[in-house]
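Shown next, in structure tokens, is the structure this report addresses.
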Amino acid sequence: MPKNHNHMKNSNSNIAAETAPMYQTENDIPLRRRAEMNALMNLRLASAVDLQMQMKQAHWNVKGPNFIGLHELFDKVAEAVESYVDMIAERVVQLGGIAEGTVRVAAARSRLAEYPLVTVDGSAHVEAVARALSTFGQEARATINEANALDDADSADLFTEVSRGIDKWLWFVEAHSQATK
């Protein structure tokens, strides 16, 4: 069912509130639970798209004595997050939903804090990237629990994989700001 594009352009509140249609599938998870899971996963998809672009923002703009190491690290994180974006979107579609991953939808729905655009210093980027990864990691872990509550072990497993990856990247990033004791 096509949406009225002019209506969508003027109302970001509808971006968060509308429930997308579900397609018929032989997947045995009941429709109600699939619809709930898809709404939740589309929220996580928005944050994942935002996270990917925040990692690219850091990658493009980092400066300082650790430039090359951080530049390469942030790019690797962005690549990993791109794979998480794809996994989440594909799971939505597998359950009969519509993956809603446009930049405008992501901007309206993301739960990540806005990335500080004027940041250039490597340590400031490390702090901002760590904060974004941490927030997304919290969302991923909450989604594991919510997927389990909806008896969707496959989506819970997907977000377990995402959470594990995010924690690894958070460790790599935070290592740049943690002093040895």
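We're numbering straight along the sequence, starting at 1. On a predicted model such as this, the values are computed, not experimentally measured, just so you know.
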Separation between CG (Leu70) and CG (Asp121), nearest 0.5 Å, reads 9.5 Å
When you group the ILVMFWY residues by side-chain heavy-atom contacts below 4.5 Å and let the links chain together, are Ile98 and Leu95 in the same group? no
Measure across Gly97 and Met22 and return the closest heavy-atom pair with its distance rounded to 0.1 Å. CA-SD, 3.9 Å
To the nearest 0.5 Å, how far apart are CD in Glu139 and CD in Glu146? 10.0 Å
Going from CD1 on Ile88 to CG on Asn38, what distance comes out if it is rounded to the nearest 0.5 angstrom? 12.0 Å
How long is the span from the CZ atom in Arg164 to the CZ atom in Phe159, to the nearest 0.5 Å? 13.5 Å
Evaluate the side chain to side chain contact (heavy atoms under 4.5 Å, CB included) criterion for residues Val173 and Leu133: first the C-alpha distance (whole Å), next the side-chain angles of each, then the deciding distance (0.1 Å), finally the verdict. CA-CA 9 Å; Val173 169; Leu133 289 168; 4.0 Å; yes
Minimum side-chain heavy-atom gap Ile144-Ser155 below 4.5 Å: no
If only atom types and distance count, is the side chain of His71 paired as donor or acceptor with the main-chain N or O of His59 below 3.5 Å? yes
Going only through I, L, V, M, F, W and Y residues with side-chain contacts under 4.5 Å, is there a path from Val129 to Phe67? yes
Below 4.5 Å, heavy atoms only, C-beta onward: do Tyr115 and Lys56 meet side chain to side chain? no
Intermediate values then yes/no, side chain to side chain contact (heavy atoms under 4.5 Å, CB included), Glu79 and Met55: CA-CA 9 Å; Glu79 288 173 6; Met55 297 306 99; over 6 Å; no
Can you name the nearest heavy-atom pair linking Leu112 to Ala132, along with the distance? CD2-O, 3.8 Å
Quick one: do Ile68 and Phe74 end up in the same hydrophobic cluster if we chain Ile, Leu, Val, Met, Phe, Trp and Tyr together by side-chain heavy atoms under 4.5 Å apart? yes
Measuring from atom CD of Gln138 to atom CZ of Arg111, what distance do you get when rounded to the nearest 0.5 angstrom? 12.0 Å
For residues Val103 and Met53, determine if any side-chain heavy atom of one lies less than 4.5 Å from a side-chain heavy atom of the other. no
Does Ala156 offer a backbone N or O that forms a donor-acceptor pair with the side chain of Thr160 under 3.5 Å? yes
Side-chain contact, heavy-atom cut-off 4.5 Å: Asp167 with Arg141? yes
Can you check whether Tyr23 reaches Val93 side chain to side chain, under 4.5 Å on heavy atoms? no
Side-chain contact, heavy-atom cut-off 4.5 Å: Asp50 with Arg109? no
Please assess Asn42 against Leu45 for the test side chain to side chain contact (heavy atoms under 4.5 Å, CB included), listing each intermediate value before the final yes or no. CA-CA 5 Å; Asn42 269 313; Leu45 180 59; 3.7 Å; yes
Is a side-chain donor or acceptor of Ser110 paired with a backbone partner of Ala107 at a separation under 3.5 angstrom? no
State, without any angle test, whether Gln94 and Arg91 hold a side-chain donor-acceptor pair at a distance under 3.5 Å. yes
Determine, stepwise, if the pair Phe136 / Val81 fulfils side chain to side chain contact (heavy atoms under 4.5 Å, CB included). CA-CA 10 Å; Phe136 188 75; Val81 174; 6.0 Å; no
Is it true that a side-chain atom of Gln54 and a backbone atom of Ala113 form a donor plus acceptor pair closer than 3.5 Å? yes
Is there a chain of hydrophobic side chains (I, L, V, M, F, W, Y, each step under 4.5 Å between heavy atoms) that links Val49 to Val105? no
Establish, from distance only, whether the side-chain atoms of Thr143 and Arg44 form a donor-acceptor pair under 3.5 Å. yes
Non-hydrogen side-chain atoms of Tyr84 and Leu51 separated by less than 4.5 Å: no
Sidechain N-carboxylate O distance under 4.0 Å for Lys76, Glu72: no
Give, for atom CD1 of Ile29 and atom CG of Leu150, the distance between the pair rounded to the nearest 0.5 Å. 9.0 Å
Check whether any side-chain heavy atom of Asp152 sits under 4.5 Å from a side-chain heavy atom of Arg33, and report yes or no. no
